[in-house]
Structure formats: C-alpha cells, structure tokens
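The structure under discussion appears below in the form of structure tokens.
The first residue in the sequence is number 1, and the count goes up from there.
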Amino acid sequence: MSLSEAEAVPKNPGEKIFAGGKQMDGVIEMEVLKSVSQSYLTKLWSNDVFYTNKELKVTRLIDQISQYFTVILLLIAFTAGGFWMFINVAVAINVFTAVLIIACPCALAMSTPFTLGNILRIFGNKKFYLKNAGVVEQLAKANAVVFDKISTITSNRKSKIYYEGIELTVEEEALLKNTLRGSNHPLSRTLYSMLAEYDIVPLNGYTETIGKGMEASHNQNVLKVGSAEFVGNILAPARGTSVHISSNNEYKGRYIFNTEYREGLANLFKDFEDNYHLSILSGDNEGEKAKLSSLLPDRTEFHFNQKPEDKLDYIKSLQEKGFTTIMVGDGLNDAGALAQSNVGIAVSENVNVFSPACDAILDASQFKNLHHFITASKASIKVIKISIVLSFLYNFIGLYFAVTGQLSPIIAAILMPLSSISIIVFATLCTNFIGRKIRS
C-alpha cells in the first residue's frame, strides 16, 4: 500500500534521506552525500520551464493590428492629399492634415490596457491577484484545468474527526492528551488540538515507534496510540485515515479523520464540466478516490502518487495534445507544474506566503469562484474585440469625411479625443458590469 504524504516512513541504516524530510523521533547520524546544487528541489527548479518567459507567448490583439496601422494611415494621407492637390491645394492640405488627426490610433491603443487594467483591479478587489494583464488573455484561452489535491481542493483548516468505539474515561482521555503532546506527527498534532484541555501530568514511561504509534504510562495505566496493528484493532478497517487507541491492552476505539474539501468544490467542477478537461493530481495515495469520485464529474481524471516531476510531465502531455492548461496548486512541490502550465494559480490561506512560479494567487476563500474569474476573463477579451471594432468604425467614418474634404482639421482635433474617451468609458462600464457578476 502506498503511503500518504503525512505518514511517517521508517528508515534503516544506509538508506537515503531526502532534504525536506522531518525526523519524528530518536537520534540519527547522517552523512551529506550531495551538495545543495544537486538537491531534489534544486533539480526541479533547474528545469528549463523556469527560464521560460510566459509573457513572450502572449500575442496581444492590439500588437497584431497596430504594426500595420501607421503604414496604412500614411498611404491614405499621401494618396488623398495627392489626389486633391490636382483639384485644390488648400483642400489638399486640409485633407492631408485631417486624415492624420482623425485616424489617430489612440482609441485603438487604449482599448486593451484600459479593459485589462480595470479587470485586474476588479479581480484584486475580489482576492484574485494576477501577475500581469497577459494572464487574463491566457485564462480566456484555457480549455483544461488541473488541480492538485493536498492544500488545494482540501482545506488547511482542522480536519473533521469522529470517534468510534468505547467511550474513554476522563483519566484515559487525559493520558491520551499528554501522550500526544510529545509527538510531532501531523495526525497527532491535529488530534491533540481537538481534545479538551487537561493538566500536564508526568509520564512514567513514553516510547514512540516511528510510523506505528506511541505507548505511554501514568501510574497503573498504559495507553497505546497509533496504527491498528500497533494497538491491536479488533474492528473492521476504517474507511480513510484513523488513529487507534488501546488502554491496558484493551482495544478502545479509533479516531477517524475525514478530509475536509473546500467549500463549493462539487459546484465548481460542475461549472467546468462541459467545456474543460478536468484532472486531479496528488502525491497522496488513493484513499480518497472513492469520495472524490462521488463528488466530481465522471469525466474527471485522477492521478495519485504523483511526484513533482510527474505533475510537470502531465501538464506537458496535455499541452502536447493541444490543451491550454491552468494548473491550480499550492506549495514548493507544485512549482514545476505551475511554471509549465499556461497559467499557474496558487491557492493560499494567506496570500502573503511565498508562491513560486505562479502567475496568480487566489485567496482560498474565493476558490469556489474560480470559474467565474475565468468566465470574466473571457468576457473581458470580448470587450476588447468590441472596442477594437468600434475604434475601426470611428476611423473608417472619420477617414471617409476627411478624404472627401468634408472634415476640417479643427473638427478632427475635437472628435479624435472624444472617440478615445468613449472607448475608455465603454471598456470601464463593461468590465465593471462583468465584475459585478463575480460572487463575493
């Protein structure tokens, strides 16, 4: 059976211990075999994906258009001016000047930054922080979303714990509390925080068998805490993670830990179901697969026991199939996948924590609204396209009157800033309307 990321792993003399591991008990002597430059995380961070500038991949709509704008504008101005030169020199000068003024690309150039800038402000107010405006464009293009499991779709808050078995006496629970006090195991710390407060009592004896459990004694009472095999479980195996208790060699029961998933997880996946390829990646074992399968759409792919490089390679495989990917993760081990994806989003209980290689940070309280943010990004790109069309209409209409000699340079100078202002107002009003659709 594969182990959970939180479970202790026994080590024998001569075995390798990787940086980042945590000693749970006992005294050990270690020999450093490799330098920091050869460490596990350094190798992961040395992947070429960390040297790729994602901003260079973003092709701005405005850049594709503006590179031809000046050349075409000058051609129109000289052609119209040359035509009118043979008819009326004064009109020719007015036509040439009016064309250059009325066809100023300001409205065209400002449609993109004002739209994306305002949507960035709106996202920030709703606790979704983007690295730059280019991320909005990539979010709009995405058609695959990959979620890490630990601390991403699950909450870092205290797990739900249920006791099943013979009720512990006050003395037994007090001894349990004092026994757990000496352990650094994640499950022990979680259970310790859940139990009621008791006075600290000196233990007559305390031993911890790594990866199995603890045994402690006080006066005439002996308590064992740990795995089913360690304490002698006589009940059927529990579904999920459990901590078993025995007192004076009598099996008492078990504390069952149920993983707490983030609020709105099922509805979020339902929103994504029709138009996105969905995947769950986890370094954990398959203990929660049945529960996740019941919560999430049937088409969701599950991949467990994933190492950091496995997650990165999975993102690559999706991209090779033509998917534009969003990776939603958390922590150092997700750094490679976050960097490889088209958009890497770090979900955090505290947005001030270090989030390597991500393009955006999503406050955990807004996790349920991720689909709304992506929908808003798509709508923002539509606003940009409409603004560009409106800008072209302004230019076409203005150029028509300018080329035919019906528009003086003074009127053109008045209309030009008005067209720019109208585009700015349009973009601002539309993005504000889009933002109001995102739930708080």
Side-chain angles (χ1 to χ4, degrees), residues 2 4-6 18-20 39-58 128-132 134-135 138-139 141-154 156 261-262 265 268-269 272 276-286 288-289 292 296 300-349 351 353-364 367 370-371 373-374:
S2 37
S4 165
E5 288 178 321
F18 294 97
S39 70
Y40 182 64
L41 284 176
T42 301
K43 285 184 177 180
L44 175 64
W45 285 8
S46 296
N47 192 290
D48 290 340
V49 69
F50 287 95
Y51 299 95
T52 302
N53 188 345
K54 292 184 182 181
E55 289 187 71
L56 298 178
K57 294 181 179 180
V58 179
F128 185 37
Y129 308 97
L130 274 55
K131 185 177 181 180
N132 53 56
V135 178
Q138 292 292 66
L139 284 171
K141 295 177 183 177
N143 53 9
V145 188
V146 181
F147 293 86
D148 181 50
K149 177 176 175 282
I150 303 297
S151 297
T152 302
I153 66 172
T154 61
N156 286 332
Y261 291 101
R262 295 203 184 277
L265 177 65
L268 177 63
F269 272 71
F272 279 120
Y276 292 85
H277 181 280
L278 294 172
S279 308
I280 296 286
L281 302 181
S282 177
D284 209 344
N285 58 39
E286 298 186 8
E288 292 286 326
K289 184 176 181 180
L292 281 170
L296 306 182
T300 304
E301 291 187 8
F302 296 97
H303 300 273
F304 295 93
N305 303 302
Q306 296 288 293
K307 297 179 181 178
E309 61 268 27
D310 295 331
K311 296 177 183 180
L312 190 155
D313 290 338
Y314 180 73
I315 298 294
K316 279 185 179 178
S317 69
L318 288 179
Q319 292 171 331
E320 288 169 357
K321 295 175 184 177
F323 288 103
T324 299
T325 60
I326 297 173
M327 173 66 192
V328 187
D330 177 52
L332 294 175
N333 283 348
D334 297 328
L338 289 170
Q340 177 63 43
S341 61
N342 298 90
V343 179
I345 300 175
V347 177
S348 179
E349 303 283 354
V351 296
V353 299
F354 175 61
S355 301
C358 66
D359 300 295
I361 300 175
L362 178 65
D363 189 280
F367 177 76
L370 180 58
H371 183 265
F373 286 117
I374 297 175

Inset, instruction - For side-chain contact (heavy atoms from CB on, under 4.5 Å), just list the numbers for Val347 and Arg262, CA-CA rounded to whole Å, side-chain angles, deciding distance to a tenth of an Å, and then say yes or no. - result: CA-CA 11 Å; Val347 177; Arg262 295 203 184 277; 3.9 Å; yes
Answer whether the closest heavy-atom distance between the side chains of [X] and [Y] falls below 4.5 Å.
X	Y	value
Leu139	Leu130	yes
Leu370	Ile326	no
Leu292	Tyr261	yes
Lys316	Gln340	yes
Phe269	Val145	no
Ile315	Leu338	no
Val328	Leu362	no
His303	Asp310	no

Do the rings of [X] and [Y] sit parallel, tilted or perpendicular, given the 30° and 60° boundaries?
X	Y	result
Phe128	Phe373	tilted
Phe323	His277	tilted
Tyr276	Phe272	perpendicular

Legend entry - Gap between atom CD of Glu301 and atom CG of Leu281 - 0.5 Å precision: 9.5 Å
Which heavy-atom pair separates [X] from [Y] by the least distance, and what is that distance?
X	Y	value
Met327	Ser341	CB-OG, 3.4 Å
Ile280	Lys149	CG2-CB, 4.3 Å
Val343	Gln138	CG2-CB, 3.4 Å
Ser348	Ile361	CB-CG2, 4.4 Å
Asn143	Thr324	OD1-N, 2.8 Å
Asp148	Gly329	CB-CA, 3.9 Å

Inset, instruction - Classify the side-chain pair Thr325/Asn342 by whether it contains a donor and acceptor separated by less than 3.5 Å. - result: yes
Inset, instruction - Determine, step by step, whether Leu296 and Leu278 satisfy the side-chain contact (heavy atoms from CB on, under 4.5 Å) criterion, reporting the C-alpha distance in whole Å, the side-chain angles of both residues, the deciding distance to 0.1 Å, and the verdict. - result: CA-CA 10 Å; Leu296 306 182; Leu278 294 172; over 6 Å; no
Inset, instruction - Could you tell me whether a side-chain N or O of Gln319 sits under 3.5 Å from a main-chain N or O of Ser317, the two making a donor and an acceptor? - result: no
